[in-house]
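Heads up, the thing below is written out as structure tokens.
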Amino acid sequence: MSQIVTDRIDDILGKISTITRKLNWPDLPIDLKPPIGDFALICFPAAKILKQDPSDIATKIALQINDIKEITSAEPEKGYCNVVIDWNDITIDVINEINDDSYAKTKEDVEKILIEHTSANPTGPFHMGRARNPIIGDSIARLLQYYGHNVETEYYVNDTGRQAATLAFGLSNYETKNKGKVDHELVEAYQKASKLLEENENIRDEIYRKMEEIEGGNAEVLKEVKESAKKMLEGMKVSLKRLGAEANNYYHESDLIANGKVGKVIESLKNSEICKEENGAYYLDLEKENIAGRNQKFFFTRKNGLSLYTTRDIAYHLHKFQNYDKALNVLGEDHRLQSKLLGIALRELDSKEPISLFYSFVNLPGGKMSTRAGRVVYLDNVMEMIVELAKNKLDETDLNKETKNKLAEDIGIGSLRYNILKVQAEKGFTFNIEDALNLQGDSAPFAMYSHARAAAIIRNYSKDIPDIILNEKLSHSEIRLLRTLAKWPDTVQRAVSNLAIHYIPNYTHELASNFNQFYRDCPVIGNNNEQLRINLVSSSKRILNTSLGILGVKAPDIM
RNA sequence: GGGCCUGUAGCCUAGCCUGGAAGGGCGUCUGGCUUCUAACCAGAAGAUCCAGGGUUCGAAUCCCUGCAGGCCCGCCA
């Protein structure tokens, strides 16, 4: 909530408290999110203590507080008393607060945060199932950055292990047909190698030998797998760039082996009091950690002494904490257990632990997405479709072709991101293409359109935004809009502390919706209250632009 | 079998942490462009908040027991 509004409500509550005390009543709890007004006094507990009807209490308290001058109205309703504060005398201060650069920003110390997101295996083009990761990760990064932290994003490139060996083998042995986009082309070689890995013993041996050489630290093979991954990644990065979700850094897993960090981790873990050995393989005994069943033995080497994926992950996180205060990982729900074990191992090494944000997988209407069953939707195809659709809608306008293409891109990609971000991450998500292609209602274009309308008013006004003068009392629509604008810091704060990005699109839709109602009810230019209204337009545009920015959605001035 | 996540109108979803009057959107029906952009706005219909029990003046929200769906349980990554 805006500080000015919060302070004002506190003042009023203080006065109400004085009144209830004089009546010898208990304090009335409040509801800050009432269906009507700014807050509601809840009369049920008092009713019980005073042995009176709650609606009588509500009526009495309404009468008592109605002449508090900071209140516009206090209306009893059932066992509630709905209070509307007087916005007229705080409006100027509230708008000035909103326009200040520090609005909604953190008041605490700035932290250096590394957000790892996406980190998909570089074995082929992104699926829709994985698309939730870069979009959420990127928007969380934008959110924390906006809030005031020092944020960088990183993609952990999985270029060791079986899949990396398979990819490298495929790329050096099979020709592929040029498909324009390199990841769509190279995936053929990977798929072919993958298939032969299962069917052909000689090839399987060869790939497994490569895998051992990787883990054993063979410089030449490490270079080969890294290069193969990079080639595939080149195509994948194009998709991320189009999505607006490219990471700042790419960290290759193979480097952790090459630079000896993995070896050091193994040595340190062996010194742990809970380290045990079985047939030459080492593990941490997690008996005391309340971990069920087989996972009590958390292996970090194989019996040949070589590292496992988890070992390398530990080394990676130790490396992260050398440079950052906090590490945040955006992970699929399949990594939950893994992530817990990683935390335990890091604690064992006296290191900080990363914070994890998990999302559930994206399903298709008929069931889950599966490469094997051929039930796969590529991110690239979805982006193409949705942009094409936006383009068709723009055909009715008289914009020039270049503007139209740019707009269609912004609308299409924005819609895709918005659609994914508006759902709580833990919730399973069925990707319905029809739904994603519906560009109405609670969607990116809805908010973009409100923003463009605000821009149009400011364009037509064609003067600098003036100081606010309140010539007339505020109307209902103006108060509603102001009330929503005042809620922005609270929204940001909650989104940050819960790492819940979906609060942002929820808010954006509410703001856009309130702006549209204001647009209908309140002509700006030439109105008696023009100075106030143009300021409301300008502040709304500003916050819409900011919230869309966090979502990674562009906010054009014309559409 | 064990662990974690999810269950809210025909469909999608917010609210759950911190108990207080069930919000949106899609779809359906009705009305609104000579007025700063109708990708908009207004109105209508549509909800045993998975089920049962408990705590409470009050439960979608907290606790317990079930049920259904997802994910995980390798010296793979």
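Here the structure is a predicted model, which means the values were calculated and not measured. Labels below follow one simple rule: chain letters A, B, ... track the order of the sequence lines, proteins then strands, and each chain is numbered from 1.
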For this session: Could you work out which one of B:A39, B:G70, B:A77 sits closest to the side chain of A:E333?
Result: B:G70
Problem set entry | Qualifying residues under side chain to side chain donor-acceptor pair (under 3.5 Å), relative to A:E213, sequence neighbours excluded | none
Exercise. With rounding to whole Å, what would you report as the distance between B:A44 and B:G24 at their P atoms?
Worked result: 11 Å
For this session: Under 4.0 Å between any heavy atoms, over every strand shown, what does A:M559 touch: base, sugar-phosphate, or nothing? Just pick one.
Result: base
Exercise. For A:I344 and B:G3, what is the distance between atoms CD1 and C1' respectively, to the nearest whole Å?
Worked result: 13 Å
Under 3.5 Å, which protein N or O atoms sit close to an N or O of nucleotides 22-26 of chain B? Give each pair with its distance.
| residue | atom | partner | partner atom | Å |
| --- | --- | --- | --- | --- |
| B:G24 | O2' | A:H509 | ND1 | 3.2 |
| B:G25 | O2' | A:D442 | N | 3.3 |
| B:C26 | O3' | A:N438 | ND2 | 3.0 |

Report, one pair per line, the protein and nucleotides 7-10 of chain B atoms (nitrogen or oxygen only) whose separation is under 3.5 Å.
| residue | atom | partner | partner atom | Å |
| --- | --- | --- | --- | --- |
| B:G7 | OP1 | A:K427 | NZ | 3.3 |

Problem set entry | Side-chain donor/acceptor of A:N438 to backbone N/O of A:Q440, under 3.5 Å | yes
For this session: Figure out the NE2/C1' separation between A:H451 and B:C40, and round it to whole Å.
Result: 17 Å
Exercise. Starting at CZ of A:F298 and ending at P of B:G74, how long is that distance when rounded to a whole Å?
Worked result: 13 Å
Problem set entry | Minimum-distance nucleotide to A:P445 side chain [options: B:A42, B:C72, B:A39] | B:A39
Exercise. Does the side chain of A:R483 come under 3.5 Å of the side chain of A:N514 through a donor N or O and an acceptor N or O?
Worked result: no
Problem set entry | Interatomic distance where OH belongs to A:Y519 and P belongs to B:C41 [whole Å] | 12 Å
Problem set entry | Polar contact flag, side-chain donor to acceptor under 3.5 angstrom, A:S55-A:D53 | yes
Exercise. With a distance cut-off below 6.0 Å to the six-membered ring centre and an angular limit of 45° from the axis, does A:R132 pair with A:Y359 as a cation-pi contact?
Worked result: no
For this session: Just name whichever nucleotide pairs with B:C4, Watson-Crick or G-U, keeping both distances under 3.5 Å, else none.
Result: B:G70
For this session: May I ask you to establish whether A:K276 and A:Y283 are in a cation-pi arrangement, using a distance under 6.0 Å from NZ or CZ to the six-membered ring centre and at most 45° from the ring axis?
Result: no
Exercise. What does A:N304 touch in the nucleic acid at a heavy-atom separation under 4.0 angstrom: a base, only the sugar-phosphate, or nothing?
Worked result: nothing
Exercise. Any luck finding a side-chain donor-acceptor pair between A:N529 and A:N471 under 3.5 Å?
Worked result: no
Exercise. Can you check the A:L341 CG to B:G74 P distance for me, whole Å?
Worked result: 11 Å
Exercise. Taking the same atom, P, in B:G70 and in B:A38, what whole-Å distance lies between them?
Worked result: 46 Å
Exercise. Got a sec? Which of residues 306-315 of chain A come in under 4.0 Å of RNA chain B, heavy atoms?
Worked result: A:L308, A:Y309, A:R312
Exercise. What distance, rounded to whole Å, do you find between the two C1' atoms, one in B:A22 and one in B:A9?
Worked result: 11 Å
Exercise. Does a sphere of radius 6.0 Å around CG in A:D464 hold more than 12 heavy atoms from other residues, nucleotides or ligands, not counting ones at 6.0 Å or beyond?
Worked result: no
Seminar exercise, completed: Readout for nucleotides 54-62 of chain B: B = base within 4.0 Å of protein heavy atom, S = sugar-phosphate only, - = neither; 5' to 3' it is ---B-----
For this session: From the options B:U37, B:G70, B:A77, select the nucleotide whose nearest atom is closest to the side chain of A:E215.
Result: B:A77
Problem set entry | Candidates B:A77, B:C36, B:A21 - which lies nearest the side chain of A:D31 | B:A21
For this session: For B:C41, take OP1 and OP2 only and decide whether either is under 4.0 Å from a side-chain N or O of A:R453.
Result: no
For this session: Name the pairing partner of B:C49, where a pair is Watson-Crick or G-U wobble with both distances under 3.5 Å, or state none.
Result: none
Exercise. Without hydrogens or angle criteria, can the side chains of A:S139 and A:R417 be said to hold a donor-acceptor pair below 3.5 Å?
Worked result: yes
Problem set entry | Nucleotide B:A21, atom C1' - distance to CG of A:L41 in whole Å | 14 Å
Seminar exercise, completed: Comparing nearest nucleotides in RNA chain B, the 5'-proximal residue of the pair A:H502, A:K303 is A:H502
Exercise. With a non-hydrogen cut-off below 4.0 angstrom, is A:A47 in contact with a base, only sugar-phosphate, or nothing?
Worked result: nothing
For this session: Could you check A:Y155, A:Y156, A:Y309 and say which one makes a ring-ring contact (aromatic ring centres under 6.0 Å, His included) with A:Y316?
Result: A:Y156
Exercise. Excluding sequence neighbours, so at least two apart, what forms salt bridge (Lys or Arg N to Asp or Glu O under 4.0 Å) with A:D557?
Worked result: A:K541
Exercise. Could you give the CD1-to-C1' distance, from A:I457 to B:U35, as a whole number of Å?
Worked result: 13 Å
Exercise. Across the strands shown, which category fits A:D521 at heavy-atom distances under 4.0 angstrom: base, sugar-phosphate, nothing?
Worked result: nothing
Problem set entry | Interatomic distance, A:N432 CG vs B:U13 P [rounded to whole Å] | 11 Å
For this session: Establish, with yes or no, whether the OP1 or OP2 oxygen of B:U18 is under 4.0 angstrom from a side-chain nitrogen or oxygen of A:R494.
Result: no
Exercise. Starting at the 5' end of RNA chain B, which residue's closest nucleotide do you reach first, A:H335 or A:P34?
Worked result: A:P34
For this session: Would you classify A:Q338 as touching base, sugar-phosphate or nothing, given that sugar-phosphate means primed atoms plus P, OP1 and OP2, and contacts are heavy atoms under 4.0 Å?
Result: base
Problem set entry | Pair A:D255 + A:K226, salt bridge at N-O below 4.0 Å | yes
For this session: Test A:H509 against every option in A:F446, A:Y418, A:F515 by the ring-ring contact (aromatic ring centres under 6.0 Å, His included) rule and name the one that passes.
Result: A:F446
For this session: Give a yes or no on whether a salt bridge exists between A:E277 and A:K270, defined as a side-chain N under 4.0 angstrom from a carboxylate O.
Result: no
For this session: Look at the side-chain N and O atoms of A:N516 and state whether any lies under 4.0 Å from the OP1 or OP2 oxygen of B:C41.
Result: yes
For this session: Tell me yes or no: between the side chains of A:S272 and A:E348, is some donor less than 3.5 Å from an acceptor?
Result: yes
For this session: Report yes or no: is the cationic atom of A:K463 (NZ for Lys, CZ for Arg) under 6.0 Å from the centre of the six-membered ring of A:Y461, at an angle within 45° of the ring normal?
Result: yes
Exercise. If you check the A:I558 side chain, which of B:A42, B:U37, B:G15 turns out closest?
Worked result: B:U37
